[in-house]
Engineer: 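Quick one: this structure, given as structure tokens, is what I'll be asking you about.
What's counted below: heavy atoms across the whole structure, side chains too, no hydrogens, waters or symmetry copies.
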There are 2 protein chains.
Amino acid sequence: MKARVLFSGGKDSALAAVMLFNFFEVELVTCTFGILENWKIAKRVAEGMGFPFKVLNLDKSIIDCAVEQIIKDGTLRDGITKIHKSALEEVAGLSDSVLLADGCRRDDRTPILSNGEIRSIEDKYNVQYIQPLAGFGRKTIDFLVDRYFEIEEKEGRLIEGSEYEYELRELIGKKYGNDRISELFPRAHTHSRVLKMKG
Amino acid sequence: MKARVLFSGGKDSALAAVMLFNFFEVELVTCTFGILENWKIAKRVAEGMGFPFKVLNLDKSIIDCAVEQIIKDGTLRDGITKIHKSALEEVAGLSDSVLLADGCRRDDRTPILSNGEIRSIEDKYNVQYIQPLAGFGRKTIDFLVDRYFEIEEKEGRLIEGSEYEYELRELIGKKYGNDRISELFPRAHTHSRVLKMKG
């Protein structure tokens with residue numbers, strides 16, 4: 001059975017893919033709104049990991065809507081969750097999607113879908129939506145990431161990647177200016193980039 | 001790293017073990033209160049799966065306490081969760097435990113520990129406690145179980161196994177009589193038994 005894994009090139013979604021690899025035919029999917037070309041980073045990581053890769057164009061109204069939510073809230077959380085939900089639904093709606101997955105972890109605060117929302121996507125699109133890392137805490141994930149990947153990670157610096165944040169940042173900067181960016185994207189925020197698989 | 005998996009011989013804990021097998025040295029652990037010898041069923045399944053097995057004797061006061069809770073509540077749920085939590089703490093407390101796991105699934109109603117309770121066990125015993133199936137729904141689990149195991153499962157009939165329910169049933173029957181048993185253990189309740197691994 002094919003499993004489509006929403007993929008940013010970061011360690012969580014990469015680990016989710018590795019965890020599913022023994023059980024399913026994994027395909028990595030990165031979504032873009034056509035604002036930046038940062039999906040190419042995920043493509044490069046996917047190729048390095050040896051997984052098939054697909055890029056999916058999402059409707060720009062989704063990110064526009066998320067930006068309005070973020071500006072209203074003064075925080076990224078609900079806007080990013082909204083984008084993630086739309087991305088899941090888009091992948092779920094592909095005609096040959098049976099199983100989709102992402103890198104959401106037990107201790108994640110964003111994006112978080114409730115069990116009700118998860119089941120609702122499953123029912124609406126007749127798919128299975130799984131979160132391979134939902135039962136794993138930070139320590140165990142760090143152990144596995146260290147075992148499988150060479151990682152680039154710098155505290156407080158954005159490392160170019162394919163997370164939703166990059167296009168959001170670009171769009172917010174254009175519409176609301178750089179001050180809003182520094183308010184909304186905390187300096188301590190860390191993204192990781194998988195450089196390659198070990199061994 | 002060794003992963004101790006709480007094991008009943010049923011499909012969920014067996015699948016949890018298989019999912020961890022590629023990443024950790026799996027050891028299966030079954031708990032007993034010394035009331036029945038049904039832990040031997042789990043031992044047989046574990047041997048058939050080719051995993052190391054350990055039986056752990058829990059203090060009888062734990063099940064006595066759970067029985068009182070169940071009689072008070074008129075339902076198994078909280079009593080079983082209490083036993084499961086005690087079993088987890090017992091395994092976590094073993095001197096060489098680093099990582100423990102169980103077969104709890106996304107859609108389980110019993111036993112359910114909150115994220116707070118999970119983290120509290122991790123902090124108290126300096127262990128990692130993971131739930132490999134916490135992000136998997138019923139359909140995906142059924143697919144994987146069918147792929148890996150030959151299963152004995154009969155709707156509405158108890159198949160002898162090593163779940164907590166069997167010793168609970170025995171104890172409640174002795175203390176409160178058979179009527180209480182039929183009230184508390186619904187006929188539709190299904191347990192599965194792994195017969196062997198496929199292929």
Engineer: More than 12 foreign heavy atoms under 6.0 Å from NZ of B:Lys2: is that the case here?
Structural biologist: yes
Engineer: Is there a path of hydrophobic side-chain contacts, each under 4.5 Å between heavy atoms of I/L/V/M/F/W/Y residues, joining B:Val127 to A:Phe136?
Structural biologist: no
Engineer: Do any of residues 48-63 of chain B come closer than 4.5 Å to chain A, heavy atom to heavy atom, and if so which ones, in number order?
Structural biologist: none
Engineer: Once rounded to the nearest 0.5 Å, what's the spacing between atom CZ of B:Phe143 and atom CD of A:Gln128?
Structural biologist: 8.0 Å
Engineer: Taking a hydrophobic cluster as the set of Ile, Leu, Val, Met, Phe, Trp and Tyr residues connected by side-chain heavy atoms closer than 4.5 Å, whether directly or through intermediates, do B:Ile41 and B:Val194 fall within one such cluster?
Structural biologist: no
Engineer: Non-hydrogen atoms of chain A under 4.5 Å away: do they reach the side chain of B:Leu133, the backbone, both or neither?
Structural biologist: neither
Engineer: Quick check: under 4.5 Å, non-hydrogen atoms only, which of residues 10-30 of chain B neighbour chain A?
Structural biologist: B:Val18, B:Met19, B:Leu20, B:Asn22, B:Phe23, B:Phe24
Engineer: Indicate if A:Ile35 and A:Leu168 have the same hydrophobic cluster label, given that clusters are the connected sets of ILVMFWY residues with side-chain heavy-atom separations under 4.5 angstrom.
Structural biologist: yes
Engineer: Can you say whether A:Arg138 sits under 4.5 Å from chain B via the side chain, the backbone, both, or neither, judging by heavy atoms?
Structural biologist: neither
Engineer: Atom CZ of B:Arg106 and atom CD1 of A:Ile130: how far apart are they, to the nearest 0.5 Å?
Structural biologist: 9.5 Å
Engineer: Between atom CG of B:Asn126 and atom NZ of A:Lys139, what is the distance when rounded to the nearest 0.5 Å?
Structural biologist: 4.5 Å
Engineer: Check whether B:Met197 and B:Leu195 end up in the same hydrophobic cluster, where Ile, Leu, Val, Met, Phe, Trp and Tyr are linked by side-chain heavy atoms less than 4.5 Å apart.
Structural biologist: no
Engineer: Minimum heavy-atom separation for B:Ala134 and A:Gly135, please, with both atom names.
Structural biologist: CB-CA, 3.7 Å
Engineer: Look at the side-chain heavy atoms of Ile, Leu, Val, Met, Phe, Trp and Tyr, link any pair under 4.5 Å apart, and say whether B:Ile121 and B:Met1 land in one connected group.
Structural biologist: no
Engineer: I'd like to check the salt bridge (Lys or Arg N to Asp or Glu O under 4.0 Å) partners of B:Glu117; sequence neighbours left out, ordered by chain and number.
Structural biologist: B:Lys85
Engineer: Indicate every side-chain donor-acceptor pair of residues 91-104 of chain A with a distance under 3.5 Å to a residue at least two apart or in another chain.
Structural biologist:
from, atom 1, to, atom 2, distance (Å)
A:Asp96, OD1, A:Arg4, NH1, 2.9
A:Asp96, OD1, A:Arg4, NH2, 3.2
A:Asp96, OD2, A:Arg4, NH2, 3.3
A:Ser97, OG, A:Arg4, NH1, 2.9
A:Ser97, OG, A:Val91, O, 2.6
A:Asp102, OD1, A:Cys104, N, 3.2
A:Asp102, OD2, A:His84, NE2, 2.8
A:Asp102, OD2, A:Tyr129, OH, 2.5

